[in-house]
Amino acid sequence: MIVNISMLADSAGGPFSLFTLFGRLHPLVLHVPIGAVLALAVVELLTWFAGFEESRRPHGMLAWLAAVSAWISVSTGLVMHANGTYDPDDALPHRNLAIACSIMITLAAFANCRSNYGKRAGMLWIYRILLFAGIAAMIPAGHLGATMTHGEGYLMGFSPGAASKPESNSSASVESAPADAADGAFSTIILPILRAKCLTCHGEDQRKGKLSLESVESIRAGGKSGPAIDREKPADSLILERIHRDLEEKGHMPPRSKTQLLESEIASIDAWVKTGAAPNAGSLQLNGGADSKPAAPDTTESHPARARVDDGAFRALRDALVHVQPVKQGSELLWMDFAAPAARLGENEILQLLKPVAGDVGDLALNRSKITDEGMASIAAFPRLRRLELRSTAVGDAGIDKLKNHPSLEELILTQTKTTDASVDSILTIPKLAKVYVWGSGLTPEGLARLRAGKSGLQVDAGDAPAAAVVKVEDPIKLSGDAPLPGAQTANAAPANLKPINSVCPVTGKPLNPAYQIVFEGKVIGFCCPNCPSKFWENPAEFKAKIPQ
Amino acid sequence: MSPEFIDNFSRREMLKSAFFGAGAAAFAELLGVGGAAGGTGVLGSPHFAPRAKRVIYLLQTGGPSQLETFDYKPILNKRRGEPLPDSVRRGQRLTGMSGNQSLLPVVGSPYKFHQYGESRAWVSELLPRTAGVVDELCIIKTMYTEAINHDPAITFFCTGAEQAGRPSMGAWLAYGLGSANANLPAFVVLCTNKAADQPLYARLWGTGFLPSEFQGVQFLAGKDPVLYLNNPGGISRDARRRQLDALDKLQQNQFNKTGDGEILSRMAQAEMAFRMQMSVPEVTDLSAEPEEVFKLYGDDSRKPGTYAYHCLLARRLAERGVRFIQLLHPGWDHHDHLPSGIPGLCRETDQGSAALIIDLKRRGLLDDTLVVWGGEFGRTNYSQGKLTDNDFGRDHHPRCFSIWMAGGGAKRGVSHGETDEYGYNIQDIKNEGVHVHDLHATMLHLLGVDHEKLIYRYQGRDFRLTDVAGKVIKNLVA
């Protein structure tokens with residue numbers, strides 16, 4: 001019969017056929033047998049316990065109403081099942097229990113007739129047993145049906161014991177985001193798409209297939225078919241496989257009868273999942289979305305820190321204009337710079353902002369901020385701090401004292417702080433420290449000397465490096481060749497006492513410049529400028545005639 | 001949709017609208033894609049651990065002579081006035097202005113060279129202060145370029161292409177890595193306020209096809225470093241805020257309608273301008289700098305618009321997390337009268353450059369700030385025009401010239417590469433030559449960026465700062 005009906009459903013064509021309408025009557029019709037059966041049970045109990053002995057005639061009518069309407073409900077249900085996508089874990093037991101219930105109610109109606117309005121006690125007992133067995137099947141069937149319609153926990157969610165569950169139903173959550181929802185790319189881009197197209201069935205309320213898409217965590221956790229996101233190979237995630245599956249194929253999401261995702265929406269979900277599905281990941285999306293070639297192909301790695309740390313913390317940091325950036329791709333370590341809000345944030349605000357990311361801070365710049373010795377206690381507890389910049393802050397010896405033996409600190413900038421000689425010993429206890437800057441601090445020359453002597457391999461910069469000194473002066477220029485070369489500089493010109501034999505330049509005919517003289521064939525010849533000797537040497541024969549012999 | 005609309009609907013806009021819809025601005029803010037105004041840029045984080053977090057580029061425009069500054073060639077003095085030997089020139093083409101000269105008399109530096117410091121680098125007497133910090137420098141003597149004229153050559157250094165229109169290096173960095181200070185632009189430009197033959201165009205710090213919020217913001221020399229920074233009389237900051245918020249809503253409506261990404265850029269710029277109303281007066285107010293600092297940078301540093309003043313300002317901007325600070329100092333174009341011209345240029349820049357190194361270093365900033373000094377090409381070893389007793393000029397020379405880098409993971413106290421004896425060609429161009437693309441690739445490497453992976457697709461092809469070339473010169477990296 002089921003086969004027949006699904007074949008009918010297929011041949012019936014579009015989703016708006018009468019057939020579909022018949023199926024959709026199911027939620028309406030099913031209340032008739034429930035009401036009738038419950039009424040029968042109440043009356044039966046009253047006759048039994050309270051000795052109510054009225055006519056049993058209406059029992060027969062009611063019983064037949066229950067039986068007929070039960071079968072109508074079952075048929076509508078089967079049609080509905082054939083047209084929609086329901087979680088078989090809920091739908092199949094619901095179907096079987098409902099059929100069982102209908103059979104028992106029908107048999108009960110027969111038994112009631114056979115009891116001749118209650119006059120035959122044996123048959124009356126059979127009727128009673130069948131009636132209550134029917135009810136016993138009806139209650140779980142009803143529960144499963146309600147779960148499919150309204151989602152798990154619909155009823156019990158409002159019981160006093162479950163008060164912590166956020167009060168929302170699917171239609172309300174479409175309109176307004178919970179205030180504490182995950183932020184970042186997920187809440188701004190992905191969640192609105194899911195709300196519009198998926199959450200009606202896969203929300204916290206419905207959880208069809210035990211899957212809720214309402215938060216990053218629940219998506220990761222997945223449903224009955226396993227995690228929706230594959231953290232090792234995001235591209236193979238189930239959620240992507242399902243939305244990319246052929247529309248005609250079984251399991252395509254959203255179901256064929258529901259509003260489909262737009263291509264751009266699929267691209268968004270793709271990009272988000274492939275970037276690691278972190279609440280905040282998604283810088284790739286700007287370039288890598290609809291275009292086949294991502295602008296930055298290497299950004300597919302997620303930022304593990306972002307995945308682990310609460311998004312609210314990142315949002316708070318960003319809102320406070322604190323710069324946060326993983327030190328490199330795929331690293332949990334963060335570079336944090338308080339340059340923008342340095343003057344504005346109080347010490348407590350700074351520490352509050354840093355607290356959630358304390359385990360991931362690598363480079364921390366607190367220059368010109370209001371950090372003090374007190375706050376240094378928290379900073380010193382950052383387990384992976386590598387470079388700490390405290391330039392132009394009020395931090396002094398008490399603060400530096402807290403950095404003693406810091407396990408990972410390599411670079412420390414104490415320029416223009418209140419640090420004095422009392423800090424030298426504390427600084428020297430930091431095992432990995434390789435560079436420390438103390439210019440403009442309170443260190444005296446003695447303290448500085450002690451710091452420099454204290455630890456091998458520690459670079460101490462106090463801004464007192466001398467300028468590089470001259471180590472060699474240019475050699476005096478010696479002209480090449482035996483004779484003074486043409487165009488020699490004044491200092492290297494031919495001796496002044498050697499008077500040129502000519503009075504005007506043989507090349508140009510201009511007056512001589514004593515700086516440019518050459519010795520040619522044992523005679524001193526003068527020129528007007530440095531260019532003429534070269535011309536002369538190029539072709540001495542040409543100019544020879546112009547030299548007085 | 002009108003046809004123009006479809007034409008104008010670039011990929012970026014397509015993506016933006018497809019992805020963000022109405023929440024675009026909020027999204028950019030949250031993920032920090034709006035790198036110019038804080039955030040992590042499009043890369044999210046550097047590809048690998050960076051040595052430098054920011055760059056100060058001291059661009060000496062006009063083409064400083066390497067032969068009067070860092071490339072010591074005594075033979076040019078020994079052979080002063082002799083023609084450039086053919087064995088050196090090797091038949092290579094000359095640049096236009098001296099190409100027709102019948103004589104190419106070689107000429108050496110009239111200024112003495114000394115060796116300085118532990119690195120024993122040769123530096124001319126014109127740069128005594130730079131010589132004092134020579135152990136911090138990585139002097140590259142084997143830079144070369146293809147461009148032989150100023151504009152293409154400067155454009156090449158600033159944008160990685162000789163043709164105008166590509167994004168500048170600062171814009172690439174702002175786009176890729178974002179800014180560490182959301183209250184200041186990621187890319188600030190400081191041009192020395194002086195008359196020069198070669199004008200400096202705003203496109204040298206332009207954004208090309210990248211979203212326009214990434215372009216450099218020029219701080220001017222006058223009373224207002226950024227024009228119209230103050231609210232007009234009667235407008236309070238609150239009123240301005242409300243005004244901007246209302247305007248943003250209208251802009252957002254228009255964006256939703258047209259999908260034009262430049263509307264988002266406009267919004268980002270207006271927001272940045274609002275923030276700069278507070279941050280720029282603070283950063284440009286040098287009154288709190290102690291006397292000692294002005295002494296270090298020289299007297300010029302008290303005068304807004306000078307190179308020394310800009311060096312000091314660059315340090316303040318670097319301290320506050322600005323990603324890319326570009327100084328431009330024009331006037332090095334000594335085609336003639338070099339001996340009377342170059343000492344002045346050196347005087348204008350020597351103390352400021354050196355002071356910047358010293359000041360960054362003692363503050364612990366030189367570790368992660370890459371400083372680059374250099375021009376767009378070098379100058380010939382022969383005299384352009386007449387070589388006289390005490391005057392000569394030098395023409396443009398792209399085949400070799402000297403620049404230096406300091407800090408930010410560049411090697412300390414080394415001179416990279418050798419030019420030939422006459423200072424005309426690079427000895428071993430294959431192993432020691434540093435092309436403009438190579439410099440860019442190396443700078444990006446120091447910033448933790450793989451130059452082949454910072455890409456923007458525009459008009460159907462992928463663009464990079466280094467186009468299809470460039471290799472990281474590992475010898476320059478500490």
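Chain naming here is simple, since letters A, B, ... match the order of the sequence lines and numbering starts at 1 in each. Any value given below was found using the heavy atoms of this structure, including those in side chains, with hydrogens, waters and symmetry copies removed. Here the structure is a predicted model, which means the values were calculated and not measured.
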Heavy-atom contact with chain A under 4.5 Å, split by part of B:L103: side chain
A:R368 CZ to B:E282 CD distance, which is reported to the nearest 0.5 Å: 5.5 Å
Using every non-hydrogen atom in the two residues, find where B:G117 and A:A468 come nearest and quote the distance to one decimal. CA-CB, 3.6 Å
Polar side-chain atom of A:Q325 near backbone of B:A180 as donor-acceptor pair, under 3.5 Å: no
Using non-hydrogen atoms only, which part of A:N531 is less than 4.5 Å away from chain B: side chain, backbone, both, or neither? both
Could you grab the distance from atom CH2 of A:W537 to atom CD of B:E82, nearest 0.5 Å is fine? 10.5 Å
For A:V327, is it the side chain, the backbone, both or neither that has a heavy atom under 4.5 Å from a heavy atom of chain B? backbone
Which portion of A:D464 sits near chain B, non-hydrogen atoms under 4.5 angstrom: neither
What's the shortest heavy-atom distance between B:G364 and A:I413, and which atoms? CA-CG1, 4.2 Å
Would you say that more than 12 heavy atoms from the other residues, nucleotides or ligands in this model lie under 6.0 Å from the CD of B:E421, or not? no
Should B:K53 and A:D337 count as an ion pair when the cut-off is N to O under 4.0 Å? no
Heavy-atom pairs under 4.5 Å with chain B are the metric here; pick the option from A:N367, A:V473, A:N513 that has the most. A:V473
Taking atom NZ of B:K386 as the centre, report whether more than 12 heavy atoms of other residues, nucleotides or ligands fall under 6.0 Å from it. no
For chain A, the option from B:D367, B:L365, B:V107, B:V133 that forms the most heavy-atom pairs under 4.5 Å: B:D367
Do you know which of A:C532, A:A469, A:C529, A:A342 has the most heavy-atom pairs with chain B at a distance under 4.5 angstrom? A:A469
What part of B:F463 is in contact with chain A, defined as an atom under 4.5 angstrom from a non-hydrogen atom: side chain, backbone, both or neither? neither
Chain B interface, residue from A:E389, A:Q416, A:M336 that has the most non-hydrogen pairs under 4.5 Å: A:Q416
Atom CZ of residue position B:R129 - does it have more than 12 heavy atoms of other residues, nucleotides or ligands inside 6.0 Å? no
A:E474 vs B:E125, side-chain contact (heavy atoms from CB on, under 4.5 Å): CA-CA, chis, key distance, verdict: CA-CA 10 Å; A:E474 182 180 12; B:E125 63 187 351; over 6 Å; no
Considering all heavy atoms of both residues, which atom of B:P46 and which atom of A:P326 are nearest to each other, and what is their separation? CD-O, 3.5 Å
Hey, could you give me the CZ/NE2 distance between B:R323 and A:H323, rounded to the nearest 0.5 Å? 5.5 Å
Given a strict heavy-atom distance threshold of 4.5 Å, which part of B:F392 is in contact with chain A: side chain, backbone, both, or neither? neither
Compare all side-chain heavy atoms of A:E411 with those of B:D368 and state whether any distance is below 4.5 angstrom. no
Whether A:R391 and B:E319 form a salt bridge (side-chain N of Lys/Arg under 4.0 Å from carboxylate O of Asp/Glu) is what I want to check. yes
Using non-hydrogen atoms and a 4.5 Å limit, figure out which bit of B:A49 sits close to chain A: side chain, backbone, both or neither. both
If you apply the rule side-chain contact (heavy atoms from CB on, under 4.5 Å), what do you find for B:R362 with A:D461, and how did you get there? CA-CA 6 Å; B:R362 65 189 185 180; A:D461 195 314; 4.3 Å; yes
Given the rule in the side-chain contact (heavy atoms from CB on, under 4.5 Å) test, do B:S45 and A:K328 qualify, once you have shown the distances and angles that lead to the verdict? CA-CA 5 Å; B:S45 57; A:K328 61 174 176 176; 5.7 Å; no
Mind listing the closest non-hydrogen atom pair of A:V471 and B:Y116 along with its distance? CG2-N, 4.0 Å
Output the option from A:A340, A:A465, A:A467 having the highest count of non-hydrogen pairs under 4.5 Å with chain B. A:A340
